[in-house]
Amino acid sequence: MTSDTQPRGERYAPRAIERAWQERWERDALYRTPDHVEGRPNRYHLTMFPYTSGDLHVGHWFAMAPSDTLARYFRMRGWNVLFPMGFDAFGLPAENAAIKGGVHPRDWTDRNVDRMRGQLKTMGATFDWAREVNTSAPDYYRWTQWWFVQLFKQGLAYRKQANANWCPSCNTTLANEQVVDGRCERCDTLVEQREMEQWFFRITRYAEELLDNDGLDWPEHVKLMQRNWIGRSEGAEAAFALERPAPDGTDEIRVFTTRPDTLHGVTFMVLAPEHPLVNRITTPEQQAEVRVYQERASHATEIERLSTEREKTGAFTGSYCVNHLTGDRVPIWIADYVLGSYGTGAVMAVPAHDQRDFEFAQQYGMPVRVVIAPPPVDGVPWDGSGLTEAWTGAGTLVASKQFDGMPSTEAKGAIAAYLAERGWGGPTVNYRLRDWLISRQRYWGAPIPIIYCEVCGPVAVPEDRLPVELPYDVEFRPTGQSPLSLSEEFVQTTCPQCERPARRETDTMDTFMCSSWYYMRYPDPKNSALPFGRAAADTWLPVDQYTGGSEHATMHLLYARFFYKVARDLGLVPGDEPFTRYYSQGQILGPDGRRMSKSRGNVVAPDDQVERWGADAFRAYLMFLGPWDQGGPYDVDSIVGVSRWLNRVWNVVTDPPALRQGEPGGRELRRAAHSTLAKVTEDLEAKRFNTAIAAMMELTNDMQKLRDEGTADEAAWDEATRLLTLMLAPPCPHIAEELWQRRPRIVTPATWSVHQQSWPEHDPAAIQRDTIDVVVQVNGKVRDRIAVPPDADEATARATADAQPRIAEQIAGKEIVRVVYVPGRLLNFVVR
RNA sequence: GCCGAAGUGGCGGAAUGGCAGACGCGGCCGACUCAAAAUCGGUUGGGGCAACCCGUGUGGGUUCGACUCCCACCUUCGGUACCA
């Protein structure tokens with residue numbers, strides 16, 4: 001038989017088809033999602049909205065194409081699926097563009113939004129554009145400001161003097177996530193700490209609840225990252241009495257420790273250099289040394305942090321405190337290995353049982369007092385001699401008065417309880433999570449809606465006067481102050497409470513605030529009285545399936561959970577968690593297997609791929625290249641395989657073999673089609689897009705073979721093409737639509753589109769076989785295979801196997817010790 | 001350092017403890033073409049004429065049987081980093 005090498009019909013021309021169907025779908029408002037549809041339960045699917053950087057990149061496609069496939073699949077399964085899209089449109093790049101290129105951030109952003117919306121439309125996704133949100137639009141950021149006011153009223157927003165990441169080159173503060181290895185993400189300049197008056201959100205109030213994420217259907221590694229980020233530590237707080245109270249009356253230092261069992265081993269005290277008590281307790285003769293050290297610590301922190309194997313440094317304050325448990329006089333030092341922002345900013349140093357304290361003690365000749373005896377080594381008990389490094393494990397207490405002989409694990413609780421009894425502290429829980437600094441000295445963000453009044457203090461802008469609009473006419477000078485502060489027109493106002501002249505806050509809010517609630521806006525995007533109505537929230541929230549990158553594990557996803565809990569406490573939303581299910585896709589890499597970046601020249605432009613291969617092939621390739629959660633390199637040469645497949649699909653459907661009733665092979669074709677359907681259904685449910693597409697390729701290959709042979713059974717062929725087209729609809733919506741229309745189905749004007757069809761059910765009877773291949777092994781090695789009925793018993797299988805010459809040869813002259821039979825799978829002879 | 005994920009052909013990757021390498025790229029052979037590209041068909045883990053042997057990072061273990069489970073180690077990637 002010779003293969004037909006020339007396509008007999010019309011060639012597959014993806015771009016023309018795709019444009020035409022996108023227009024038609026839009027004209028028919030096919031993806032408009034009403035709040036309620038009779039007989040279709042609601043389901044909210046969401047993929048992270050893009051930042052308006054200017055161009056959609058492959059990463060966006062990699063995130064969105066599979067998400068869209070999933071949304072389409074659930075639509076076909078009978079759900080009314082909300083799958084919205086919007087733009088995360090505030091942020092620093094817009095402002096930098098303004099400083100560098102003389103383009104206003106508003107114009108730069110609007111232009112990018114238009115461009116990216118157009119690019120998103122080439123994807124052919126089911127986005128309901130009627131629900132689009134744009135975080136930089138006044139009717140959106142009005143509500144971002146409204147959120148700030150609610151948090152302020154709840155006591156969850158507060159103002160505090162604090163150290164902030166400061167980039168001396170960009171002249172602005174940076175968010176933690178914009179500091180990479182101590183350097184500015186954009187210009188690579190070393191980041192400094194600068195003390196400034198800042199606004200914070202009290203996310204720590206929700207630390208315990210945020211820690212509890214066990215019930216969430218999220219990837220374990222993301223939940224773990226969040227738990228680590230929150231960093232719950234159980235321990236004790238212990239007070240040490242100051243030998244001489246500070247001038248302001250402070251008479252003790254409180255420390256947090258996870259090792260109250262080592263309290264009798266304290267030989268010195270260490271405060272963070274910026275600890276507020278330092279200046280008050282430093283003795284006159286130590287002033288100079290302490291000042292120099294503080295100065296050095298504040299300026300050089302980031303640079304020094306980068307040097308590995310850093311030596312411990314510090315300075316003595318000249319003051320002492322008293323360990324209540326021992327009555328010992330303990331010198332108070334400062335050192336930059338103690339962080340001002342964790343615990344109480346003060347540490348009790350136990351060099352014998354903490355490696356950092358040990359190193360510090362070595363450096364400055366401080367005594368090392370062992371209070372936990374390590375367990376015996378090789379039966380030899382610890383001999384009480386000195387240590388070469390800290391013993392941080394468990395052991396038995398020694399030199400600890402009444403606690404001597406107690407196991408350290410037990411002593412933790414006992415000593416903590418003893419502290420509480422005496423009023424010297426007690427058991428406590430400490431978190432690594434810090435309050436969220438939301439102030440930004442930038443223009444392109446939502447202005448913080450606060451007015452400072454000489455008399456009333458900070459006053460929230462009344463809700464009916466929101467939004468506090470960003471003035472368009474602003475000077476963009478990189479001065480390190482918010483450009484808003486240069487606009488007297490913006491700054492000058494009156495106090496909403498007492499009507500006296502007052503000044504506006506000129507900082508704007510961290511853009512993570514905009515994205516902390518955007519998913520709550522989609523259900524009710526046009527509401528002008530509230531951020532969203534309770535009815536809309538009950539209709540759609542929480543999000544059933546959220547997808548996005550795991551780089552947001554400890555930022556956006558944590559902030560969003562915090563916001564949702566606040567919203568719950570305000571009675572705005574149902575449930576406790578915003579995202580019932582979350583799936584984090586991997587990262588798409590350049591063809592060289594490295595992160596795509598312009599400087600490496602390994603960036604793949606989606607527009608080019610779409611132009612060359614079509615959106616369907618591009619979508620399918622992104623899903624085919626590997627497991628979605630793993631990501632991987634984008635191989636510009638491999639996409640051709642997917643393109644060839646779609647060509648074959650096209651040829652097979654538009655130009656079938658001669659079809660006749662009762663042609664042999666009908667049953668096999670039917671089996672192939674239905675087992676493919678079963679496999680694809682299972683894979684889509686589990687988000688295994690790569691193997692789903694591989695299965696469809698196999699079915700296509702089977703059909704191609706029949707086409708080459710020239711004939712096929714009409715009923716089986718027709719069913720196979722119908723099933724293949726329906727299975728193709730979620731991943732490759734355009735070609736599926738075109739093929740659906742070319743072979744007219746049961747079409748009513750109201751449900752003309754393939755995307756309005758139901759997902760088919762596979763017929764288990766069609767997959768049944770008369771005989772199946774069973775592997776025959778000898779000592780676990782495959783020697784042959786036999787065909788037996790699926791329900792054959794061991795005797796039947798064995799009889800068949802015994803008749804095989806190859807098996808007979810293998811077991812001849814040997815003793816059969818055991819026979820293992822797994823029905824439908826294998827028969828294993830264990831011989832000796 | 002700590003936490004997490006992963007190591008399978010030339011490459012991307014498949015495999016409820018049961019035929020390792022599905023599917024695809026690339027390679028090779030062929031068809032079409034004046035030719036090339038594109039397209040289509042065949043073939044393709046390594047060794048061996050063959051029977052067969054060797055193969056899933058390394059070393060051990062459990063099992064009739066291990067890519068899969070357990071222990072130790074090595075490597076890569078991601079996160080985090082003096083967190084008291």
Side-chain angles (χ1 to χ4, degrees), chain A residues 1-7 11 181 219-222 224-225 227-229 231 233 235 255-259 262 270 272 305 308-310 312 335-339 341-350 353-357 359-360 430-434 550-551 553-554 586-587 589 591 593-594 621 624-627 629-642 644-645 647-648 651 679 688 690-698 700-701 704-705 708 773-785 806 809 817-822 824-831:
Chain A
M1 100 206 74
T2 57
S3 66
D4 186 351
T5 55
Q6 284 298 311
R11 303 271 315 240
D181 288 335
E220 276 311 314
H221 75 274
V222 174
L224 193 66
M225 266 198 230
R227 282 198 290 269
N228 290 343
W229 186 264
S233 296
V255 300
F256 171 75
T257 179
T258 54
R259 295 296 302 275
T262 65
V270 190
R305 256 194 48 207
T308 50
E309 284 302 309
R310 214 176 133 209
K312 293 283 180 292
D336 63 5
Y337 80 90
V338 174
L339 307 174
S341 51
Y342 183 76
T344 62
V347 162
M348 59 177 222
V350 186
H353 306 296
D354 182 283
Q355 189 57 27
R356 295 154 301 185
D357 298 343
E359 285 164 23
F360 193 85
N430 195 52
Y431 299 93
R432 184 185 168 279
L433 181 72
R434 293 163 208 179
S550 56
E551 69 271 20
T554 52
Q587 203 182 31
L589 304 170
R594 312 205 301 159
Y621 175 62
F624 179 68
L625 62 80
D629 59 350
Q630 273 173 43
Y634 185 97
D635 182 359
V636 284
D637 295 322
S638 288
I639 186 174
V640 70
V642 173
R644 284 177 192 150
W645 165 54
N647 261 306
R648 280 200 298 280
N651 294 339
K679 167 84 175 146
R688 288 189 298 252
N690 56 331
T691 49
I693 287 173
M696 287 187 244
M697 285 174 171
E698 282 188 81
T700 311
N701 292 347
Q704 174 78 38
K705 228 161 239 143
D708 286 346
D773 277 356
V774 166
V775 166
V776 184
Q777 297 180 333
V778 176
N779 285 345
K781 290 194 172 174
V782 180
R783 294 301 173 187
D784 209 345
R785 53 213 68 181
R806 286 160 58 106
E809 187 186 316
V817 184
R818 195 175 156 186
V819 178
V820 181
Y821 179 57
V822 184
R825 287 242 181 237
L826 61 73
L827 183 67
N828 186 16
F829 293 97
V830 185
V831 301

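Chain naming here is simple, since letters A, B, ... match the order of the sequence lines and numbering starts at 1 in each.
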Strictly under 3.5 Å: I want the nitrogen or oxygen pairs between protein and nucleotides 5-12 of chain B, one per line.
{"unit_1": "B:G12", "atom_1": "O2'", "unit_2": "A:L625", "atom_2": "O", "d": "2.6"}

Any protein N or O atoms within reach of nucleotides 62-64 of chain B? Criterion: under 3.5 Å, listing atom names and distances.
{"unit_1": "B:C64", "atom_1": "OP1", "unit_2": "A:R818", "atom_2": "NH1", "d": "2.8"}
{"unit_1": "B:C64", "atom_1": "O2", "unit_2": "A:N828", "atom_2": "ND2", "d": "2.5"}

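Between A:Q587 atom CD and B:G78 atom C1' the separation is 9 Å, expressed in whole Å. In this entry the distance linking CE of A:M225 with P of B:G79 reads 8 Å, nearest Å. If you measure from atom OH of A:Y634 to atom P of B:G13, you get 15 Å, rounded to the nearest angstrom. Here B:A14 presents its C1' atom at 16 Å from CE of A:M696, a figure rounded to the nearest Å. Note: CG (A:L433) to C1' (B:U80) measures 15 Å, nearest angstrom. In this structure, A:Q704 atom CD and B:C23 atom C1' are separated by 16 Å, rounded to whole Å. The distance from atom CD1 of A:I693 to atom P of B:A14 is 13 Å, rounded to the nearest whole Å. B:C3 atom P lies 18 Å from atom CH2 of A:W229, rounded to whole Å.
Listed nucleotides: B:G26, B:C53, B:G18. Nearest to the side chain of A:V640: B:G26. Taking every side-chain heavy atom of A:E698 into account, B:A22 is the closest of B:A84, B:C3, B:A22. Residue A:M697 places its side chain closer to B:C23 than to any other of B:A15, B:A84, B:C23. Residue A:V782 places its side chain closer to B:C19 than to any other of B:C19, B:G41, B:C52.
For B:G24, the OP1/OP2 oxygens have a side-chain nitrogen or oxygen of A:R648 closer than 4.0 Å. Residue A:N701 places at least one side-chain N or O closer than 4.0 Å to OP1 or OP2 of B:G24. Contact annotation: A:N690 reaches the phosphate of B:A14 (side-chain N/O to OP1 or OP2, under 4.0 Å). Distances shown here put a side-chain N or O of A:R644 below 4.0 Å from the OP1 or OP2 atom of B:G26. Checking the phosphate oxygens (OP1, OP2) of B:C3, no side-chain nitrogen or oxygen of A:R432 falls inside 4.0 Å. Note on A:K781: a side-chain N or O is less than 4.0 Å away from OP1 or OP2 of B:C54. The phosphate of B:A84 (OP1 or OP2) has a side-chain N or O of A:S233 nearer than 4.0 angstrom.
In this entry B:C11 has B:G24 as its Watson-Crick or G-U wobble partner, both defining distances falling under 3.5 Å. The partner of B:C73 is B:G57, judged by Watson-Crick or G-U wobble contacts that both fall below 3.5 Å. B:G1 is paired with B:U80 under the criterion used here, namely a Watson-Crick or G-U wobble arrangement in which both key atom distances are under 3.5 Å. B:G41 and B:C29 make up a base pair, with Watson-Crick or G-U wobble contacts both under 3.5 Å. Using Watson-Crick or G-U wobble geometry with both donor-acceptor distances under 3.5 Å, B:U63 finds no partner in any strand shown.
In this structure, CG in A:D773 is found 10.0 Å from CG in A:D784, a value given to the nearest 0.5 Å.
For A:Y337 and A:D357, the side-chain atoms include at least one donor-acceptor pair closer than 3.5 Å.
Here the separation of B:G48 from B:U39, taken at their C1' atoms, is 37 Å to the nearest Å. B:C34 and B:G41 are spaced 23 Å apart, taking the C1' atom of each and rounding to whole Å. Annotation: B:C54 and B:G65 have their P atoms spaced 15 Å apart (nearest Å).
Within the 4.0 angstrom heavy-atom criterion, base atoms lie near A:L339. Using a 4.0 Å heavy-atom cutoff across all strands shown, A:V338 reaches at least one base atom of the nucleic acid. If you check every strand for non-hydrogen atoms under 4.0 Å, A:R227 touches nothing.
Put simply, the side chain of A:R825 and the base of B:U16 share a donor and an acceptor less than 3.5 Å apart.
At least one donor-acceptor pair closer than 3.5 Å links the side chain of A:N828 to the backbone N or O of A:G780.
Between A:P633 and A:Y621 the shortest heavy-atom distance is O-OH, 4.3 Å.
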